[in-house]
Amino acid sequence: MRYHADEPELDAYYADIDRVHLQPLWEMSGLLTPTPVVQSVPHRWSARELQTLAARAGELVPVDRGGDRRVLAMANPGLDGAPFISGTLWAAVQFLGAGEVAPAHRHTPGALRFVLDGDGVYTVLNGDPVPMSRGDLVLTPSWVYHEHHNPSAQPMMWLDVLDLPMVAALDAVFFEEGPSEEADESVLPRSAAERRYGQGPGLVPTGVSSVLHEERHSPLSVYRWADTDAALDALLELGDGAQAEVRYRDPSRDRDVMPTLRCEMRRVVSGATTSTDRQTGTRVCAVLNGAGTVRLGDQRFSLVAGDVFVVPSWCEHQLEADTTIDIFTTSDAPVLDALGLFRRTAVPA
Ligand code: GTQ
Ligand code: FE2
């Protein structure tokens with residue numbers, strides 16, 4: 001609070017309001033800024049470091065220590081040590097050794113898994129077993145029970161993204177443990193969700209929709225890499241550009257896969273440079289295939305498969321593909337969209 005040696009009445013007034021927890025707007029600045037002032041900074045976590053350090057945790061730390069999950073959170077260097085990749089999103093790598101189980105629980109923050117490499121793990125979502133493989137996107141929406149099993153002989157690692165900081169800011173975090181289920185591991189079936197909603201483009205079952213429409217998230221809990229890959233190839237075959245992008249959507253209605261998280265996959269062909277863009281909200285990006293460079297504001301980061309990077313709100317973003325590169329992106333865009341706060345612009349070169 002400013003002091004006014006020559007105005008004792010004003011000083012007395014400031015002391016009085018302070019005592020009753022009031023503050024004068026006329027003494028404040030930096031609240032209504034012309035453009036977003038963003039605390040999180042651009043950063044890339046390298047695949048090699050994520051893999052080696054997660055594998056070391058696999059040797060050193062049992063899975064039951066810390067919430068039954070062996071997870072390394074990506075802590076944005078701009079956030080003073082908070083375990084969040086931005087003010088709104090949590091991103092982490094999770095490592096599950098051969099034969100290990102991460103037991104069932106559920107929470108109000110929504111989550112997704114994106115598999116950057118390997119297979120052998122299955123997740124059980126409200127009783128429905130979903131095998132996970134390279135390039136697959138698996139949804140764990142708010143309040144859905146989930147547990148991870150690795151019956152294979154190899155460890156496996158994947159990317160987790162949650163809307164945890166956003167739900168925490170809204171003071172709406174709930175958590176409870178759940179009953180663990182043992183699926184028949186010898187004949188792991190295709191998930192029930194895929195049988196109902198992943199059978200063919202434009203086909204949804206009649207009869208069960210009245211129940212599912214009450215859910216806020218996609219009834220299809222897994223999006224397979226083979227389908228995403230084919231969709232990107234088909235777009236590029238049309239020949240109108242050096243890149244293609246698809247959005248993962250709820251097959252039962254026109255909306256994002258979850259109310260808080262948008263998911264997209266982009267393919268930029270070898271040698272191409274994208275236009276520069278910026279948008280409100282956080283983007284968490286993971287390189288599935290290929291190599292290149294991303295420019296984030298005035299910083300450049302080289303990219304190889306398995307790298308994860310964050311594009312903070314309103315930060316300029318541009319990609320250069322050294323080889324054809326596939327980048328998975330998830331963002332909090334559905335929230336900004338719902339509130340009329342989503343802005344996206346191309347930035348002239
Ligand atoms: O796999 O259930 O990265 O509950 C953070 C919290 C993963 C999970 C995370 C979680 C999980
Ligand atoms: Fe969880």
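Counting starts at 1 for both ligands and their atoms, in listed order.
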Distance-minimising heavy-atom pair for Arg106 and His146: CA-CE1, 4.1 Å
For Arg113, atoms of ligand 1 separated by under 4.0 Å from a heavy atom: 1 (O), 2 (O), 7 (C), 8 (C), 11 (C)
Structural part of Leu164 in contact with ligand 1, heavy atom criterion under 4.0 angstrom: neither
Atoms in ligand 1 flagged as close to His105, the criterion being non-hydrogen separation under 4.0 Å: 2 (O), 4 (O)
Parallel, tilted or perpendicular: rings of His149 and Tyr122 (30°, 60°): parallel
Ion pair check, Arg267 and Asp229, cut-off under 4.0 Å: yes
Tyr248: which of Leu112, Thr228, Asp256, Asp227 passes side chain to side chain contact (heavy atoms under 4.5 Å, CB included): Thr228
Atom indices of ligand 1, in the order listed, that fall short of 4.0 Å to a heavy atom of Gln94: 1 (O), 7 (C), 8 (C)
Aromatic ring pairing Phe301/His43, orientation class (parallel under 30°, perpendicular over 60°, tilted between): perpendicular
Ligand 1 atoms in contact with Leu162 (distance to a heavy atom under 4.0 Å): 3 (O), 5 (C), 6 (C), 9 (C)
Cationic tip of Arg262 above Phe342 ring, under 6.0 Å, 45° of axis: yes
Proximity winner for atom 4 (O) of ligand 1, if only heavy atoms of His107, His148, Arg69 are counted: His107
Apex the Fe ion (ligand 2) - arms NE2 from His105 and NE2 from His146 - angle rounded to 10°: 90°
